[in-house]
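We name chains A, B, ... by the order of the sequence lines, and we start the count at 1 in each one.
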Number of protein chains: 2
Amino acid sequence: MVTIAEVARRAGVSPSTVSYVLSGKRAISTETRERVRRSIHELGYHPNAGARALAGNRSHVIALMMPLRTDMYLPVMMEIALAVATTARTHGYDVLLLTGEEGAAAVRRIADSASADALILMDVELDDERLPLLDEIAPPAVLIGQPADPAGLTCVDLDFAAAGARCVAHLAELGHREIALIGEAPAVYARHTGFAERTLQGARAAARELGVRMLHRPTEGSYDAMAAQITRIFDERPGTTGLVVQNEAVVEPLLSLLRQQGRAVPEDISVVAICPEQVAAQASVRLTSVALPAQEMGRRAVERVVDRLEGREHRPLDLLAPHLTDRASSGPAPV
Amino acid sequence: MVTIAEVARRAGVSPSTVSYVLSGKRAISTETRERVRRSIHELGYHPNAGARALAGNRSHVIALMMPLRTDMYLPVMMEIALAVATTARTHGYDVLLLTGEEGAAAVRRIADSASADALILMDVELDDERLPLLDEIAPPAVLIGQPADPAGLTCVDLDFAAAGARCVAHLAELGHREIALIGEAPAVYARHTGFAERTLQGARAAARELGVRMLHRPTEGSYDAMAAQITRIFDERPGTTGLVVQNEAVVEPLLSLLRQQGRAVPEDISVVAICPEQVAAQASVRLTSVALPAQEMGRRAVERVVDRLEGREHRPLDLLAPHLTDRASSGPAPV
DNA sequence: AGGGAGGGTCGAAGCGCTTCGACTTCTGTT
DNA sequence: AACAGAAGTCGAAGCGCTTCGACCCTCCCT
């Protein structure tokens, strides 16, 4: 194992000088710096992580905590996780992956053992059990998603209210006057999940303002549930010409059902989705959609973390503006 | 911050005794042990990770390296990652998440800095650039998936050859005589991806043995590609009554297309998939399938790692037997 | 009764790094 | 010409833990 002492010896300097070259915390002459750099490179030196953490009191690790419920959105979570990991690396951090299984205990453990310099909590629930702990621990935390009371917390999230409004506005602009919002499963609303409720509020407000009638229909994520739902919607509001979908699992079933019923997209009915770009682009009809910017959220979360670790100022709430991409699933309302 | 010294003082023993209670490496009287345990609990003590790693020469961390190409299988990867993380915790390890982006350099860095006690490489490619490095580094590695030459490496994988054979055998038993294997995208075969080729080989061998004609059709993961493919298959082999699908992305498009064409599943045509249980169970027709046991693979990979870290013996190749679940998409061949 | 063998505990020596204070040059002033 | 201050480097003191060797008991054997 190569140590800092060996690097120092080969460069003809003391270990502390090597350390200062590495950290840049003291001025080092160009000549010495280059000699040390060469020595590091030639020996393939990488500082021992444990020793560095112990002496420097910083682990250079960011802990990424998965949501308590991992029953859905696996692809989105994965995208966020990968973005967090790659962004973290560009700032010199590694990422520790924690599952929701340990719950709040994991927060304690990581903080007490100084295993990480900061925490990123994914998909925070409205009354997340881990939140109260966040005040008591030393490492700063950044949330992806918004809890009921975000006061004093740093959050990164898509502006779901604006996203809902944007979808409705898009349909309204195309002349649609009766639309339906096909949402997440009823259970998701029942537990007042932040993003689902905010989307709904934003959509409702926009509908009201733009003079559009809107039905809200939470839908279970299965083909059969979608089939039952679509029937109900057209029974209740035969004039419906626009659909907003916020439920990845029923996107393809929905399109399939519309085809079966002989309703052409977008000629007879327009569909706008709130989902990852990939889902929208690969669906059987290329979907007009507001993107769920998973990577961007991961990246920003890391940036907020690094801001705080380096004592920089930053706003506590980082809300991403929704971006709607017009694809093949939406068009003018039929006359 | 609570240190081992404080725990020791409160328990009226020396720090080394506390350490021995924690590690169990020396005999401690029941009485002392209990006193120390109580002290630990009351103070909420968690050993400093850096200090422990430095002194003990083990980080209690397992590095999980993502595949070089992360363009597909995000949900499966996520499932594996979560299983790895939770299993690791039951053995006292945390998981460091590394993206493929850094490539082989990450292997070096983690090994040299002693950031992890072992590596798990996901979705290894046939000629993975990281493999040669594995011999040169200290921490043991376990692969999920099989490279071209698995000699000297520890691998965990589903027995894809057996999985392919099992699907064919299932259809043969139901009386099907002409079947097609709808596979991954052509590019996947072009780069000789292990799991795809093995599945094909197993399926072919079984077909030959059981007197079944089998067509192999690599298919791009889009609705349009699937539509074109299904037309070709029935043009070429109108007598086809069974399909094996190994391509998550086209499962739902396929079912939708069959419906549109008025082909009933399973009355007119049987479908068997190789995919995660969730996909099979939530499809618009509940699919007979061989499960892709993502969690099991993650779990086993960690167990192989722990075996090696604790010097236990274990076989280098851990091939999971495929398990076929009979659901609603397969039935007797039509007469 | 004496000695060997464990069992149980402690003190101290590091593990490899960062950082503080101190020391030695080298500037640029007056 | 003398000196303040900056620039550049070093030595040594830890960071909190594990582990080795040493020590002291108690017990059992001969």
Side-chain angles (χ1 to χ4, degrees), chain A residues 1-37 39-40 43-61 92 109-117 138 309, chain B residues 1-37 39-40 43-61 92 109-117 138 309:
Chain A
M1 167 174 234
V2 185
T3 69
I4 202 172
E6 296 175 48
V7 173
R9 187 154 7 96
R10 174 178 253 261
V13 297
S14 79
S16 52
T17 300
V18 175
S19 178
Y20 286 124
V21 167
L22 249 19
S23 70
K25 292 191 180 172
R26 282 203 184 173
I28 300 288
S29 67
T30 316
E31 193 197 347
T32 304
R33 200 185 320 123
E34 278 318 307
R35 207 149 18 93
V36 169
R37 288 239 174 94
S39 171
I40 287 174
L43 293 172
Y45 170 72
H46 289 284
N48 179 292
R52 192 153 78 129
L54 179 57
N57 213 21
R58 331 192 299 110
S59 62
H60 300 269
V61 165
R109 185 172 63 80
I110 295 303
D112 290 350
S113 64
S115 299
D117 297 334
L309 288 176
Chain B
M1 167 176 235
V2 186
T3 70
I4 202 172
E6 295 175 49
V7 173
R9 185 152 11 95
R10 176 180 252 261
V13 297
S14 79
S16 50
T17 300
V18 175
S19 179
Y20 287 123
V21 167
L22 248 20
S23 70
K25 290 191 180 172
R26 282 201 185 175
I28 300 289
S29 67
T30 316
E31 194 196 347
T32 304
R33 199 184 321 124
E34 278 318 308
R35 209 147 19 91
V36 170
R37 290 239 172 93
S39 171
I40 287 173
L43 293 172
Y45 170 72
H46 289 285
N48 178 293
R52 194 154 75 127
L54 179 58
N57 213 21
R58 331 192 299 108
S59 62
H60 300 270
V61 165
R109 186 172 63 82
I110 295 303
D112 290 351
S113 65
S115 298
D117 297 334
L309 288 175

Note: for B:Thr30 and B:Ala55 on DNA chain C, the residue whose nearest nucleotide lies more 5' is B:Thr30
Judged by each residue's nearest nucleotide on DNA chain C, which is more toward the 5′ side, A:Ser16 or B:Thr17? B:Thr17
What is the distance, to the nearest angstrom, from the [atom1] atom on [X] to the [atom2] atom on [N]?
X: B:Arg58; N: C:dG16; atom1: CZ; atom2: P; value: 16 Å
X: A:Ile28; N: D:dA6; atom1: CD1; atom2: P; value: 17 Å
X: B:Met1; N: D:dC15; atom1: CE; atom2: C1'; value: 10 Å
X: A:Arg9; N: C:dC17; atom1: CZ; atom2: P; value: 12 Å
X: A:Ile4; N: D:dC10; atom1: CD1; atom2: C1'; value: 13 Å
X: B:Asp112; N: C:dG16; atom1: CG; atom2: P; value: 14 Å
X: B:Asn57; N: C:dC17; atom1: CG; atom2: C1'; value: 14 Å
X: B:Arg33; N: C:dG8; atom1: CZ; atom2: P; value: 9 Å

Hey, does the side chain of B:Thr32 come within less than 4.0 Å of C:dG8's phosphate (OP1/OP2), counting only N and O? no
N or O in side chain of A:Lys25 less than 4.0 angstrom from C:dT19 OP1/OP2: yes
Measure from the side chain of [X], starting at C-beta and using heavy atoms only, and say which of [options] lies closest.
X: A:Arg26; options: D:dG14, D:dT19, C:dA22; value: C:dA22
X: A:Tyr20; options: C:dC20, D:dG16, C:dC17; value: C:dC20
X: B:Thr3; options: D:dT19, C:dC17, D:dC17; value: D:dC17

Decide whether B:Asp117 and B:Ser59 meet the rule of one side-chain donor and one side-chain acceptor closer than 3.5 Å. yes
Identify the two heavy atoms, one from [X] and one from [Y], that lie closest to each other, and give their separation to 0.1 Å.
X: A:Arg35; Y: A:Gly12; result: NH1-O, 4.3 Å
X: B:Ser39; Y: B:Val7; result: OG-O, 2.9 Å
X: A:Ser113; Y: B:Pro47; result: CB-O, 3.2 Å
X: B:Ala116; Y: B:Ile110; result: CB-CG2, 3.6 Å

Give me the residues of residues 44-53 of chain A where at least one heavy atom lies under 4.0 Å from an atom of DNA chain C, by number, or none. A:Tyr45, A:Pro47, A:Asn48, A:Ala51, A:Arg52
Side chains of B:Tyr45 and A:Asp112: closer than 4.5 Å at any heavy-atom pair? no
Using a cut-off of 4.0 Å on non-hydrogen atoms, how would the nucleic acid contact of A:Ser29 be classed: base, sugar-phosphate, or nothing? sugar-phosphate
Side chain to side chain donor-acceptor pair (under 3.5 Å) contacts touching residues 11-20 of chain A (sequence neighbours left out): A:Ser14-A:Ser16, A:Ser14-A:Thr17
